[in-house]
Amino acid sequence: MVEKVNTQGCVFSLLYSIGSFGLACASLSTLDPSDRISVQKGALLISLGFVYFVALTEFLNKLLLKTAFGHNFVKRYRLRVSDVLEITNKLVSAVQAAFSCIAGLFVCRWSCPRNFLHASHFLSESYAWFAASYFFYDLWSMYKIYAAEAAIKLKAKLLGVQAENNNGEAVNGAAGGGKATAVSEEKVLPHSQLHEALEDIPSVERGTLSFVNPCKMGIPSFAKYLASHPLMVFHHLFIGSYGLVVISYLRGGLGDCVFSFMFMMELSTPFVSFRSILSVMGLKQSKLYVINGLVMLVTFFWCRVFLMPYVCYYYSQVINKPFFEAVWNLPWGCKVSILALFLPQLYWFRLMVRGAVKVFFPSKTNRKPTVAAASCAHEVVAANGGSANKSSQSKDSEVRSLM
């Protein structure tokens, strides 16, 4: 039986998180605004950043999985372990985005009025070091969500195998077709090993944060997860490493005002994260979801689509040249970086607009599904062995223990 009130682990994680952030701030307290960040101080900041984001994630996970408040929240919205990990991941993402906006606003107010190109504040480099750890940490955090999802599917299959064992049915033969399944190896495990495997899998009932041994039980390893998500890995490594190198070294102390605007591009991220959280909580039909979606759309356009051309226009006014001439005369590295940042924002904004149009202007076919479409959907579910129903039943069985 899980202990309903266990705040000790939460307190320690929260203290680690607050302490690491406090130390990071204290390490900057003696700097003058125009000082640069040394490699030694940068290494300290990135290390404290790792501690901060990991400890904050552990605090939120333990708060939801191992306390009475968390269990009430889980029961109310019928969440699984993977749902909890998804929510905490998005909350930490929103926190990082808020820090980025605050740092960007502070640097903008300092550097832009003084000199668009040459004024510099140490906060731009220091936060680049601190935030770089987030993008590397987030890869591991998303892997934990992925592993928890895989564990839930594995648990459902192992429960089916255990039920067959309890009923005395054969477990070595395939159910026709001779096609190997993902649990063909688990079907030959003794009853004791099956029970041990089930105990090892994360569950809401036990409030555990542990994971099945990836190699032993068939859950993909971290390396396999990275290999199967190359675009996501590239995005995180590019932002975390290339962004840090550019801000700290390649810019040569120039353009601090420009990078402050880049930090403020994160203003839309909390609303993107909140949208995902509401979806996990099953509130996609709520007014709050719609309102948040509209705010997300507006802030995304303002901070990620409009902001980049505005910064270029601002630069053209500073050097007193026409807009296109000013942009064209930028170094090639700057122009490539601008395109690399700007074009994905246009693509994502296009997807957001299409989603908003579908919500507010649904087509007749969406409002009234045809009989053929319903029949097709039924055939798809049947062809997949009723996977949708099985997923729902798996979630029900895990959440039911808390109700």
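No hydrogens, no waters, no symmetry mates; every other heavy atom, side chains included, goes into these values.
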Undergrad: Given the ring of Trp110, does Arg114 sit roughly above its face, with NZ or CZ under 6.0 Å from the centre of the six-membered ring and within 45° of the axis?
TA: yes

Undergrad: With side chains defined as the heavy atoms from C-beta onward, is the minimum distance between Lys62 and Ser13 less than 4.5 Å?
TA: yes

Undergrad: Rounded to the nearest 0.5 Å, what's the gap from CD1 on Ile102 to CZ on Phe99? Could you check?
TA: 6.5 Å

Undergrad: Under the criterion side chain to side chain donor-acceptor pair (under 3.5 Å), which of Asn61, Asn89, Thr57 is the partner of Ser141?
TA: Asn89

Undergrad: Decide yes or no for Leu64 and Leu79: does some side-chain heavy atom of the first lie under 4.5 Å from some side-chain heavy atom of the second?
TA: no

Undergrad: Can you find a heavy atom in the side chain of His229 that is under 4.5 Å from one in the side chain of Met142?
TA: no

Undergrad: Is the closest basic N to carboxylate O distance between Glu58 and Lys144 below 4.0 Å?
TA: yes

Undergrad: To the nearest 0.5 Å, what is the distance between OG (Ser17) and CG (Leu48)?
TA: 11.0 Å

Undergrad: Going from CG on Asp83 to CD1 on Ile152, what distance comes out if it is rounded to the nearest 0.5 angstrom?
TA: 6.5 Å

Undergrad: With a 3.5 Å distance limit and no angle check, can you tell me whether Gln345 reaches the backbone of Leu341 through a side-chain donor-acceptor pair?
TA: yes

Undergrad: Over all heavy atoms of both residues, which pair between Phe50 and Ser133 is shortest? Give the atoms and the distance, please.
TA: N-OG, 3.4 Å

Undergrad: Just so I know, are the side chains of Pro270 and Ser273 near enough to count as touching, which here means a heavy-atom distance under 4.5 Å?
TA: no

Undergrad: When you look at Phe274 and Phe271, which way does the side chain to side chain contact (heavy atoms under 4.5 Å, CB included) test go after all the steps?
TA: CA-CA 5 Å; Phe274 192 45; Phe271 302 103; 5.5 Å; no

Undergrad: Run the side chain to side chain contact (heavy atoms under 4.5 Å, CB included) test on Gln40 and Leu44 for me, step by step, so that the C-alpha distance in whole Å, both residues' side-chain angles and the decisive distance to 0.1 Å come before the verdict.
TA: CA-CA 6 Å; Gln40 293 80 2; Leu44 174 63; over 6 Å; no

Undergrad: Taking C-beta and beyond as the side chain, do Leu31 and Lys41 meet within less than 4.5 Å on heavy atoms?
TA: yes

Undergrad: For residues 90-98, tabulate all N or O donor-acceptor pairs below 3.5 Å that involve a side-chain atom, not counting sequence neighbours.
TA:
from  : atom 1 : to     : atom 2 : distance (Å)
Ser93 : OG     : Tyr134 : OH     : 3.3
Gln96 : OE1    : Tyr127 : OH     : 3.0

Undergrad: Would you say Phe342 has more than 12 foreign heavy atoms packed within less than 6.0 Å of its CZ?
TA: yes

Undergrad: With a 4.5 Å cut-off on side-chain heavy atoms, are Trp328 and Phe324 touching?
TA: no

Undergrad: Would you confirm whether Asp35, through its side chain, and Phe122, through its main-chain N or O, come within 3.5 Å as a donor-acceptor pair?
TA: no

Undergrad: Where do Ile46 and Ala132 come nearest, in terms of heavy atoms and distance?
TA: CD1-CB, 4.1 Å

Undergrad: Look at the rings of Phe261 and Tyr310 and say which category their plane angle falls in: under 30° parallel, 30 to 60° tilted, over 60° perpendicular.
TA: perpendicular

Undergrad: Using modelled atom types and a 3.5 Å cut-off, is there a donor and acceptor pairing between side-chain atoms of Thr88 and backbone atoms of Leu85?
TA: yes

Undergrad: Which value, rounded to the nearest 0.5 Å, describes the distance between Ser20 atom OG and Leu45 atom CG?
TA: 11.0 Å

Undergrad: When you compare the side chain of His121 with that of Ser34, does any pair of heavy atoms fall below 4.5 Å?
TA: no

Undergrad: Report the relative orientation of the aromatic rings in Tyr52 and Phe21; use parallel for angles under 30°, tilted for 30 to 60°, perpendicular for over 60°.
TA: tilted

Undergrad: Apply salt bridge (Lys or Arg N to Asp or Glu O under 4.0 Å) to Arg304 and list each qualifying residue two or more places apart in sequence or on a separate chain.
TA: Glu266

Undergrad: Has the side chain of Asn115 got a donor or acceptor atom that lies under 3.5 Å from a matching backbone atom of Leu117?
TA: yes

Undergrad: What class does the angle between the rings of Phe349 and Phe301 fall in, given that below 30° is parallel, 30 to 60° is tilted and above 60° is perpendicular?
TA: tilted

Undergrad: Can you tell me if NZ on Lys335 sees more than 12 non-hydrogen neighbours from other groups inside 6.0 Å?
TA: yes

Undergrad: Under the side chain to side chain contact (heavy atoms under 4.5 Å, CB included) criterion, do Leu139 and Leu237 qualify, and how do the steps go?
TA: CA-CA 9 Å; Leu139 290 173; Leu237 295 181; 4.2 Å; yes

Undergrad: Would you find a donor on one side and an acceptor on the other, under 3.5 Å apart, between the side chain of Ser111 and the backbone of Cys108?
TA: no

Undergrad: On a heavy-atom basis, which atom in Thr67 and which in Cys10 lie closest, and how many Å separate them?
TA: CG2-SG, 3.7 Å

Undergrad: Do the rings of Tyr137 and Phe53 sit parallel, tilted or perpendicular, given the 30° and 60° boundaries?
TA: parallel

Undergrad: Give me the atom names and distance for the closest heavy-atom approach of Leu65 to His71.
TA: O-NE2, 2.9 Å

Undergrad: Once you measure the plane-to-plane angle for Phe69 and Phe73, does it fall in the parallel (<30°), tilted (30-60°) or perpendicular (>60°) bin?
TA: parallel

Undergrad: With rounding to the nearest 0.5 angstrom, report the CZ to CG distance, Phe234 to Leu226.
TA: 15.0 Å

Undergrad: Would a 4.5 Å heavy-atom cut-off, applied to side chains only, mark Trp302 and Ser268 as touching?
TA: no

Undergrad: Looking at Cys112 and Cys257, is the distance between their SG atoms under 2.5 Å?
TA: yes

Undergrad: Val51 and Tyr16: which non-hydrogen atoms are nearest, and at how many Å?
TA: CG1-O, 4.2 Å

Undergrad: Starting at CD1 of Ile145, measure out to OH of Tyr225 and round the result to the nearest 0.5 Å.
TA: 7.5 Å

Undergrad: Report, one line per pair, each donor and acceptor closer than 3.5 Å where one atom sits in a side chain of residues 281-289; sequence neighbours left out.
TA:
from   : atom 1 : to     : atom 2 : distance (Å)
Ser286 : OG     : Leu283 : O      : 2.7
Ser286 : OG     : Tyr289 : N      : 3.3
Tyr289 : OH     : Arg275 : NE     : 3.4

Undergrad: Closest heavy-atom contact between Ile37 and Ser126?
TA: CG1-N, 3.7 Å

Undergrad: Crowded around Phe323 CZ? As in, over 12 foreign heavy atoms under 6.0 Å?
TA: yes

Undergrad: Which is it for Ser276 and Glu86 under the side chain to side chain contact (heavy atoms under 4.5 Å, CB included) test, yes or no, and what are the steps along the way?
TA: CA-CA 8 Å; Ser276 179; Glu86 177 76 18; 3.4 Å; yes

Undergrad: Does any donor atom in the side chain of His236 or Asp138 lie under 3.5 Å from an acceptor atom in the other side chain?
TA: yes

